[in-house]
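All remarks here apply to the structure that follows.
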Amino acid sequence: MRKKIVAGNWKMNNNLEAGIKLAQEVLEKATGNEEAQIVLGTPFIHLNKLAESIVGKKGIEVAAQNCSDKASGAYTGETSAEMVKSTGVNYVILGHSERREYFNETNQELAAKLDLALANNLVPIFCCGEPLEIREKEEHYAYVKQQLTESLFHLSANDFAKTVIAYEPIWAIGTGKTATSAQAQEMHAELRNHLADHFGQELADTCPILYGGSCKPSNAQEIFAGADVDGGLIGGASLNADDFLAIVNSF
Ligand code: PEP
């Protein structure tokens, strides 16, 4: 059976104190027998504190929301994959649509970030997804498959086996609009077939593909019911411990 994962993406929310408080609340309210692996995707400032106080307890993991496409050097303001790993966390979210849109991240840069993340033993949660105009032109399958091809298809089978994918239709992120469970399932199945064509069916069948985009306690169960939907990447609702845990237990 494929691993189920629900990852929160706090984005640029929560100062140091507020973030620790929220993570503690998730830890206290979690039973340790959740239906999915919990990952908290936090700003860099929280990583080390949460690695010490949260990571591994009741199975909870923590993710950075980005890392550099360079290994080290004169890149002011950047944080390398090696630095992320040195905080004690084990995951990194890469290629979120907000990073693609506001920071011009390309599929090629993301390929380099994936390599560095994997070389530093971080589990990458690789985000992909189409904007509204692409869906309206009915080019969404080709668009998202190209994101996977250009960023992932150079990976070895061994590295691909460690990678998690998050499909996030951009028109559903933070908008209150959700893809229907049928739309999510269709895209996830299409992506899995695309992965199978390149990496083989067996590896494609073990790759968790998460859905992201206005996922909430009220719609998570329906979305997660799709056979190829292995969990979620959760923005707004991950800022509330009760809502987040309700989503984690929506399978
Ligand atoms: C996200 O940013 O990854 C996301 C899915 O946001 P939201 O749940 O708020 O739509």
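Just so it is clear, the model here is predicted, and its values are computed rather than measured. Whatever order the structure lists them in is the order used to number ligands and atoms, beginning at 1.
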Item to complete: Heavy-atom contacts with Gly213 under 4.0 Å: which atoms of ligand 1 show up? List them by number with element.
Response: 5 (C), 10 (O)
Discussion item. Between Glu98 and Lys11, does any side-chain N to carboxylate O distance fall below 4.0 Å?
Written reply: yes
Practice prompt. State, to 0.1 Å, how close Ser250 and Ala246 come at their nearest heavy-atom pair, and which atoms those are.
Written response: OG-O, 2.7 Å
Worksheet item: Could a heavy atom of His96 be found less than 4.0 Å from some atom of ligand 1?
Response: yes
Worksheet, complete the sentence: One finds that the ligand 1 atoms under 4.0 Å from a non-hydrogen atom of Gly212 are 5 (C)
Worksheet item: With no hydrogens and no angle check, do the side chains of Gln147 and Asn107 hold a donor and an acceptor under 3.5 Å apart?
Response: no
Discussion item. Can you confirm whether Glu222 is buried at CD, in the sense that more than 12 heavy atoms of other residues, nucleotides or ligands lie under 6.0 Å from that atom?
Written reply: no
Worksheet item: Can you list the residues that meet the ring-ring contact (aromatic ring centres under 6.0 Å, His included) rule with Phe153, with sequence neighbours excluded?
Response: His194, His198, Phe199
Worksheet item: Charged N to carboxylate O under 4.0 angstrom, Lys145 versus Glu190?
Response: yes
Fill in: ligand 1 atoms in contact with Lys11 (distance to a heavy atom under 4.0 Å)
1 (C), 2 (O), 6 (O)
Fill in: Heavy atom of the protein closest to atom 3 (O) of ligand 1 (residue, atom name, distance)
Glu168 OE2, 2.7 Å
Worksheet item: Would you say ligand 1 has an N or O under 3.5 Å from any N or O of Ala237?
Response: no
Discussion item. More than 12 heavy atoms of other residues, nucleotides or ligands under 6.0 Å from CD of Glu133: yes or no?
Written reply: yes
Worksheet entry | Within reach of ligand 1, part of Asn9 (heavy-atom separation under 4.0 Å) | side chain
Discussion item. Considering Cys127, Gly8, Ser214, Pro169 one by one, which has a heavy atom nearer to atom 7 (P) of ligand 1 than any of the others?
Written reply: Ser214
Worksheet, complete the sentence: So for Ala172 against ligand 1, with non-hydrogen atoms under 4.0 Å, the contacting part is backbone
Just distance, no hydrogens or angles: give the donor-acceptor pairs under 3.5 Å from side chains in residues 112-132, sequence neighbours left out.
residue : atom : partner : partner atom : Å
Lys113  : NZ   : Asn66   : OD1          : 2.8
Lys113  : NZ   : Cys67   : O            : 3.0
Lys113  : NZ   : Glu105  : OE2          : 2.7
Asp115  : OD1  : His154  : NE2          : 2.7
Asp115  : OD2  : His154  : NE2          : 3.3
Asn120  : ND2  : Leu116  : O            : 2.8
Glu130  : OE1  : Tyr167  : OH           : 2.8
Glu130  : OE2  : Arg135  : NE           : 2.7
Glu130  : OE2  : Arg135  : NH2          : 3.3
Glu130  : OE2  : Tyr167  : OH           : 3.0
Glu130  : OE2  : Trp171  : NE1          : 2.9

Worksheet item: With a 3.5 Å cut-off and no angle check, do the side chains of Asn33 and Lys58 form a donor-acceptor pair?
Response: no
Fill in: Residue and atom name of the nearest protein heavy atom (relative to atom 9 (O) of ligand 1), distance in Å to one decimal
Gly236 N, 2.8 Å
Worksheet item: Hey, does Ile234 come in under 3.5 Å of ligand 1, counting only N/O atoms on both sides?
Response: no
Fill in: Proximal ligand 1 atoms for Gly174, defined as those under 4.0 Å from one of its heavy atoms
7 (P), 9 (O), 10 (O)
Discussion item. Give me the residue, atom name and distance of the protein heavy atom closest to atom 4 (C) of ligand 1.
Written reply: Gly235 N, 3.5 Å
Practice prompt. Flag Thr175 as yes when one of its N or O atoms lies below 3.5 Å from any N or O atom of ligand 1, and as no otherwise.
Written response: no
